[in-house]
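This chain uses plain numbering: 1 for the first residue, then up along the sequence. Atoms considered below: every heavy atom in the structure, side chains included; atoms not considered: hydrogens, waters and symmetry mates.
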Amino acid sequence: MTQKDQANVSEISGARQAQVWQRRDITHAEPDWLAQEVPVALVYNGISHVVMMATPNDLEAFALGFSLSEGIIDTPQDIFGLDVVPGCNGIEVQIELSSRRFMALKEQRRAMAGRTGCGVCGVEQLDQIGKPITPLPFTQTFALEHLDAGLARLRDFQPVGELTGCTHAAAWMSPQGELRGGCEDVGRHVALDKLLGYRSKADWQQGAVLVSSRASYEMVQKSAMCGVEILFAVSAATQLAVEVAQRSNLTLVGFSKPGRATIYTHPQRLR
């Protein structure tokens, strides 16, 4: 690596150097890069709601996207203030909610207080899993011939991933296959929340989400909660993800690779 490359690398937030040993020579250590993973607490009106392990970049977007995708807020305007506060053992994102949304969050927390175990054990109907989702409209279309262009640019939004091989990416893809923006994180759900936060501010409406990971039901649910109609995943989809996508009217596509795509639900949006 040249001195210029070293200078560029040193400016990348979210990665730190460490000494490692390679199989080819375990007697000599050499420098390598590791993605940072730190506890990030989301604190609403002074009450800690959740602690997530995340790469410490784009945390305001993460807090906004998480709040939207979890149904804590309806619009970005429900947040009156947001501060990222580093601490000794992690980072706090302090979020000031409107009184109406904070009361709804407290009711939600109160309803969850009596649960035991994983919270899903014993649930017999899909209706009882996750958040209630209003079925999506059919306003978006996407020509599959443009998918390869988006895939080719996905790693442009993974500077930490390029160094470490340790991050997932989520990007917003226009109907022409152009990536309007993207985020990365060690957690695929966090990367998606960051993107959804940016999308709510940028008001990207036409297009689809492209993620570098598999599609779990949480990824589908988060996308649908934020009005995303089309979700492309580089890897597979789970059975529950397909069920949630079918019920929420989301077009779910897996194994999105150059020249390939597996469409699980609502193919009518695709050309």
Exercise for review: Could you list who else is in V85's hydrophobic cluster, with ILVMFWY side chains joined at under 4.5 Å, directly or through other members?
Suggested key: none
Check your understanding: Remaining members of L151's ILVMFWY cluster at a side-chain heavy-atom cut-off under 4.5 Å?
Key -> F142, L144, L147, L154, F157, M173, L179, L210, I230, F232, V234, V253, I263, L270
Review point. What do the steps show when you test N45 against L97 for side-chain contact (heavy atoms from CB on, under 4.5 Å), and what is the final call?
Key: CA-CA 6 Å; N45 291 28; L97 288 181; 3.5 Å; yes
Donor-acceptor under 3.5 Å ([X] side chain, [Y] main chain):
{"X": "H266", "Y": "Q246", "value": "yes"}
{"X": "E184", "Y": "A170", "value": "no"}
{"X": "R199", "Y": "G65", "value": "no"}
{"X": "Q140", "Y": "G207", "value": "yes"}
{"X": "E30", "Y": "V20", "value": "no"}
{"X": "W172", "Y": "L196", "value": "no"}

Looking at every heavy atom in both [X] and [Y], which two are closest together, and how far apart are they?
{"X": "V160", "Y": "G14", "result": "CG1-O, 3.6 Å"}
{"X": "T164", "Y": "A35", "result": "CG2-N, 3.3 Å"}
{"X": "R188", "Y": "M219", "result": "O-CE, 3.8 Å"}
{"X": "A15", "Y": "L163", "result": "CB-CD1, 4.1 Å"}

Point to revise | Candidate pair V93 and V40, rule side-chain contact (heavy atoms from CB on, under 4.5 Å), full reasoning | key: CA-CA 7 Å; V93 184; V40 177; 3.9 Å; yes
[Y] and [X] side chains, donor-acceptor separation under 3.5 Å:
{"X": "T55", "Y": "N57", "answer": "no"}
{"X": "Q205", "Y": "D203", "answer": "yes"}
{"X": "T251", "Y": "R269", "answer": "yes"}
{"X": "R271", "Y": "T141", "answer": "yes"}

Review point. Of all residues at least two apart in sequence or in a different chain, which pass the salt bridge (charged side-chain N to carboxylate O under 4.0 Å, His left out) check with E178?
Key: R180
Practice item. Report the residues that fulfil salt bridge (charged side-chain N to carboxylate O under 4.0 Å, His left out) with R155, sequence neighbours left out, ordered by chain and then residue number. Key: E162
Exercise for review: Take S48 and L42 through the side-chain contact (heavy atoms from CB on, under 4.5 Å) test and state the conclusion after the steps.
Suggested key: CA-CA 6 Å; S48 181; L42 300 185; over 6 Å; no
Exercise for review: Would you indicate whether N89, at its atom CG, is surrounded by more than 12 heavy atoms from other residues, nucleotides or ligands within a distance under 6.0 Å?
Suggested key: no
Close side-chain approach of [X] and [Y], heavy atoms under 4.5 Å:
{"X": "D58", "Y": "Y198", "result": "yes"}
{"X": "V186", "Y": "H168", "result": "no"}
{"X": "P31", "Y": "Q19", "result": "yes"}
{"X": "Q94", "Y": "L82", "result": "no"}
{"X": "S216", "Y": "Q221", "result": "no"}
{"X": "F66", "Y": "I72", "result": "yes"}
{"X": "L250", "Y": "L136", "result": "yes"}
{"X": "M225", "Y": "I133", "result": "yes"}

Check your understanding: With D185, which residues qualify under side-chain hydrogen bond (donor to acceptor under 3.5 Å, both in side chains), at least two apart?
Key -> K194
Revision key, fill the gap. Applying side-chain hydrogen bond (donor to acceptor under 3.5 Å, both in side chains) to S67 and not counting sequence neighbours gives Y44
Is there a path of hydrophobic side-chain contacts, each under 4.5 Å between heavy atoms, that joins [X] and [Y]?
{"X": "V50", "Y": "I79", "answer": "yes"}
{"X": "V84", "Y": "F62", "answer": "yes"}
{"X": "V43", "Y": "L105", "answer": "no"}

Point to revise | N-O pairing of D148 and K257 below 4.0 Å | key: no
Practice item. Decide, yes or no, whether a salt bridge links E96 with R101 under the criterion of side-chain N to carboxylate O below 4.0 Å. Key: no
Point to revise | Step-by-step side-chain contact (heavy atoms from CB on, under 4.5 Å) determination, R214 to T238 | key: CA-CA 8 Å; R214 68 182 175 91; T238 67; 3.4 Å; yes
